[in-house]
Number of protein chains: 2
Amino acid sequence: MSLTPSHRPALAEEVTRQLRGMIQSGEWPLQEKIPAEPELMASLGVSRGTLREAIKALAHSGMLEVRRGDGTYVRATSEISGAAQRMYKEHTQEHVVEVRVGLDTQAARLATKHATAEDIAAMRALLQLRHDAWLAADYPAWARADWDFHERVALASGNPLLHQLYVSFGGVFHDDLLRQQRKAGFNGIPHEGHDELADAIEARDEAAAVASVYRNLDFAAEWINK
Amino acid sequence: MSLTPSHRPALAEEVTRQLRGMIQSGEWPLQEKIPAEPELMASLGVSRGTLREAIKALAHSGMLEVRRGDGTYVRATSEISGAAQRMYKEHTQEHVVEVRVGLDTQAARLATKHATAEDIAAMRALLQLRHDAWLAADYPAWARADWDFHERVALASGNPLLHQLYVSFGGVFHDDLLRQQRKAGFNGIPHEGHDELADAIEARDEAAAVASVYRNLDFAAEWINK
DNA sequence: TCTAATTTGTACGTATGTATG
DNA sequence: TCATACATACGTACAAATTAG
């Protein structure tokens, strides 16, 4: 076992890279079926076993879903979302939200230090979208705008790792918001809470930003087990 | 394409689950070589293609490293730690610590609510270990006790996901603590700060616990870029 | 250089699930 | 309802490349 592996890239790994490129470049759009195995074998010039290993790797990471007897579909454009979805399944909603509170709080704190005027304008626009969607009873749009707002706060934190985590978790939290909305009596997290947070970030008030996050998510937590 | 997949679990996926179990249970220790393909084919009762697909999936997620002509080695005990190691390489220490502040804060908050007398006794014992190791100039033991303390707080939070994240990040943070210790003038994070946190948890004082975390990590952050 | 162990890549056959007419 | 086509799932067998000693 040498210390300098220098192992030339395995063929299956190279094929994985090519498939990932097809997805990320948009050549294979989301939710679409990719070409069948025989066709890919010919176009990539590899055997079936090699191709299947590459597909399995991407399927395990959540980018592809293989439906036996049907075909293989593009389910995500990034690999981290697979691990995020599995974590989400293996833990209770309550525990996942508790972790999110920690990240939300830190994103809010950092945003009070690093947010630009452009960041704040984008937040306000998303909150307006969120408000309009709720009034129009367009719940998918409401959930999307809600999450886009939180993701925008993470971006404004100036911490790319934090932002990457939010992007990765986006799918599961978006679905979760929709599920909560369907519960009887749920009237949406008050828009005042989100406005408070945007105000606090604009005012560079760290304590107010943190307090706002705690209030908003404590409200959300009440609905988890109902 | 139906909206309810309802596909029964694929065999390769089941094998992936079993391999993951071998690693997480510690049956295959970290950095060790796992049995060769023919042996696994016999013990798991599957063909080589199926086995290789499962191995490729775990290798792609970072838990296994396959070395051609040598063997396959365990590189991480969970998929999160594989992602964690990749994240650690791709981001600055400052940004990683900022994320850790968010998790530490939440762990401390939850610990004030859920910590048992046993938890608190364990924390005190680890702090004593940490103190003694520093006085004895045993820096590896000091770094281990320091991290064990934080991991114990996460365990006391009663949130298994949060604790899992700490275990996954353990390796990289432990190395990081040692690296900081070697810098000239570093005198260790004052033990008073950790005692404060333990006191706050025992007193169920959420605000004091959060404030203590902020003070401790602001101190640590000062040394990152030196 | 040689040998043994290991993973790698390929080819083919059969079974099984899914969609569609 | 049934039959057909298509796609993936799984297994076996063999040759090649790589590494450790």
Strictly below 4.0 Å, heavy-atom distances to any atom of DNA chain C: list the hits from residues 36-44 of chain A, or just say none.
-> none

Between D:dT8 (P) and B:Glu13 (CD): distance, integer Å = 16 Å

Would you tell me if any nitrogen or oxygen in the side chain of B:Thr50 comes within less than 4.0 Å of OP1 or OP2 on D:dG11?
-> yes

Over all heavy atoms of both residues, which pair between B:Asp70 and B:Lys33 is shortest? Give the atoms and the distance, please.
-> O-NZ, 3.6 Å

Is there a donor on the side chain of A:Arg48 or the base of C:dG9 sitting less than 3.5 Å from an acceptor on the other?
-> no

Could you check how far CG of A:Leu51 sits from P of C:dT8, rounded to whole Å?
-> 16 Å

Measure the distance from CD on A:Glu65 to P on D:dA7 and round it to the nearest whole Å.
-> 17 Å

For B:Arg68 and D:dA17, give me the distance from atom CZ to atom P, rounded to whole Å.
-> 10 Å

Are side-chain heavy atoms of B:Leu44 and B:Gln18 found at a separation under 4.5 Å?
-> yes

Sub-6.0 Å ring centroid separation between B:His131 and B:His194 | no

Atom CG of A:Asp70 to atom C1' of C:dT20: distance rounded to whole Å?
-> 11 Å

By side-chain contact (heavy atoms from CB on, under 4.5 Å), which residues pair with A:Leu126, not counting sequence neighbours?
-> A:Leu129, A:Asp148, A:Phe149, A:Arg152

B:Lys33 NZ to D:dT19 C1', in whole Å, measures 10 Å

Verify the contact: side-chain N or O of A:Thr72 to OP1 or OP2 of D:dT8, cut-off strictly under 4.0 Å; return yes or no.
-> yes

Give a yes/no answer on whether the side chain of A:Arg67 brings an N or O atom under 4.0 Å of OP1 or OP2 in D:dT8.
-> no

Indicate yes or no for a side-chain donor-acceptor contact from B:Gln106 to the backbone of A:Glu98 under 3.5 Å, with no hydrogens or angles considered.
-> yes

Taking for A:Val46 and for A:Gly69 the nucleotide of DNA chain C with the nearest heavy atom, the one nearer the 5' end belongs to A:Val46

Give the rounded distance in Å between these two atoms: OH of A:Tyr73 and P of C:dT18.
-> 12 Å

Using whole Å, report how far CD of A:Glu53 lies from P of C:dT10.
-> 10 Å

Can you say whether the rings of B:Tyr139 and B:Trp134 are parallel (under 30°), tilted (30 to 60°) or perpendicular (over 60°)?
-> perpendicular

C:dT8 phosphate, OP1 or OP2: any side-chain N/O from B:Arg52 under 4.0 angstrom?
-> yes

For the side chain of B:Ser25 and the backbone of B:Gly21, is there at least one donor-acceptor N/O pair under 3.5 Å apart?
-> yes

